[in-house]
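Here is the structure we will look at.
Here, residue 1 is the first one in the sequence, and each next residue gets the next number. This one's a predicted model, so the numbers in the text were calculated from it and none came from an experiment.
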Amino acid sequence: MPPLDDLSFTTTLTVRDSCLCLHVQRAARALARRFDEALRPAGLTSGQFSLLMALNRPQPAGIAQVAALLAMDRTTLTANLKPLQRLGFVHVLAGEKDKRRRVLVLTPAGRSALAAAVPIWRQTHQAIEGALGDSNPDRLRADLMALS
């Protein structure tokens, strides 16, 4: 067991000030709250918007593909799909070639909800990038992608 003096308040301050995980988590929660509030008039949360956008593709995607894109496990993805299915925004269907495979289809109602949300997302996204001042949003995205 490590000595207790490794748990000094100085260590706490060091972690608070330098921990990338902590700062990314805080930023992610703050951004999610901001987008949740902005997207509320469209009837979506930021997570639902991201999930619907991940399904906006020419061919239906498999659960594993979407889970990988959103960096979530399949169980979490399945739980997040349930409210969207109840709203009629998403259908989960058996694959054409392999009936055991599940594919996710964005319905016309889902496309309409997404279309209503995109202008809100654009406006909010532009405001957030503008608030970064002299920072480089492209560099931030690249750095975050390198971590994910």
Side-chain angles (χ1 to χ4, degrees), residues 2 7 11-148:
L7 292 178
T11 301
T12 300
L13 296 176
T14 299
V15 170
R16 179 199 67 191
D17 295 342
S18 65
C19 180
L20 290 173
C21 185
L22 172 64
H23 290 287
V24 168
Q25 287 173 332
R26 285 177 54 137
R29 285 191 287 269
L31 285 171
R33 279 192 303 272
R34 187 159 177 184
F35 276 102
D36 283 346
E37 186 178 318
L39 290 167
R40 189 172 294 121
L44 297 174
T45 66
S46 60
Q48 290 170 332
F49 175 82
S50 295
L51 179 47
L52 291 175
M53 192 56 72
L55 301 180
N56 186 37
R57 51 178 73 204
Q59 298 299 318
I63 288 180
Q65 287 174 294
V66 175
L69 174 68
L70 297 175
M72 63 175 58
D73 61 63
R74 293 167 57 122
T75 304
T76 302
L77 174 59
T78 299
N80 283 302
L81 284 168
K82 299 283 186 210
L84 296 173
Q85 287 177 275
R86 283 192 296 273
L87 291 167
F89 293 170
V90 176
H91 289 310
V92 181
L93 306 173
E96 285 185 23
K97 296 177 184 170
D98 182 352
K99 299 298 181 196
R100 296 170 298 173
R101 181 173 181 258
R102 295 289 169 244
V103 294
L104 307 175
V105 179
L106 187 62
T107 66
R111 288 185 59 79
S112 292
L114 196 53
V118 166
I120 297 167
W121 173 86
R122 281 194 176 115
Q123 181 180 13
T124 305
H125 191 267
Q126 184 177 15
I128 290 168
E129 281 197 359
L132 291 174
D134 292 337
S135 295
N136 182 339
D138 291 327
R139 177 64 194 190
L140 176 58
R141 271 186 287 277
D143 289 346
L144 291 171
M145 283 192 265
L147 292 174
S148 63

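Across every non-hydrogen atom of Pro119 and Ala115, the tightest pair is CD-O, 3.1 Å. Of all the heavy atoms in Ala54 and Leu69, the pair that sits closest is CB-CD2, 3.5 Å. Considering all non-hydrogen atoms of both residues, Gly88 and Ala109 come closest at O-CB, 3.7 Å. Pairing each heavy atom of Pro137 with each of Leu132, the nearest pair is CG-CD1, 4.1 Å.
Atoms CG and CG, from Leu114 and Leu51 in turn, are 10.0 Å apart once rounded to the nearest 0.5 Å. Atom CG of Leu84 is separated from atom CG of Leu52 by 5.0 Å, given to the nearest 0.5 angstrom. Taken from CG in Leu22 to CZ in Arg16, the straight-line distance is 9.5 Å, to the nearest 0.5 Å. For the atom pair CG (Asn80) and OG1 (Thr75), the distance works out to 11.0 Å, reported to the nearest 0.5 Å. Put simply, CD on Glu129 and CZ on Arg141 are 4.5 Å apart, with the number rounded to the nearest 0.5 Å. In this structure, OG1 on Thr78 lies 4.5 Å from CD1 on Ile63, to the nearest 0.5 angstrom.
In this structure the side chain of Leu39 never reaches within 4.5 angstrom of the side chain of Gln48, judged on heavy atoms. No side-chain heavy atom of Phe89 sits under 4.5 Å from any side-chain heavy atom of Leu55. A 4.5 Å side-chain heavy-atom check between Arg57 and Leu106 finds every atom pair outside the cut-off.
A donor-acceptor pair is defined here as one N or O able to donate and one able to accept, closer than 3.5 Å; such a pair exists between the side chain of Ser18 and the backbone of Thr14. At distances below 3.5 Å, not a single donor-acceptor pair connects side-chain atoms of His125 with backbone N or O atoms of Ile120. The closest donor-acceptor contact from the side chain of Thr124 to the backbone of Phe35 lies at 3.5 Å or more, if one exists at all.
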Run the side chain to side chain contact (heavy atoms under 4.5 Å, CB included) check on Trp121 and Phe49 step by step: do they pass? CA-CA 9 Å; Trp121 173 86; Phe49 175 82; 3.5 Å; yes
Do Met72 and Val66 pass the side chain to side chain contact (heavy atoms under 4.5 Å, CB included) test, and can you show the C-alpha distance, the side-chain angles, and the key distance before you say yes or no? CA-CA 9 Å; Met72 63 175 58; Val66 175; over 6 Å; no
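Judged by distance alone, the side chains of Ser46 and Asp36 do bring a donor and an acceptor atom under 3.5 Å apart.
The environment of CD in Gln65 is crowded: more than 12 heavy-atom neighbours from other residues, nucleotides or ligands sit within 6.0 Å. Within a 6.0 Å radius of CZ in Arg101, other residues, nucleotides and ligands contribute more than 12 heavy atoms.
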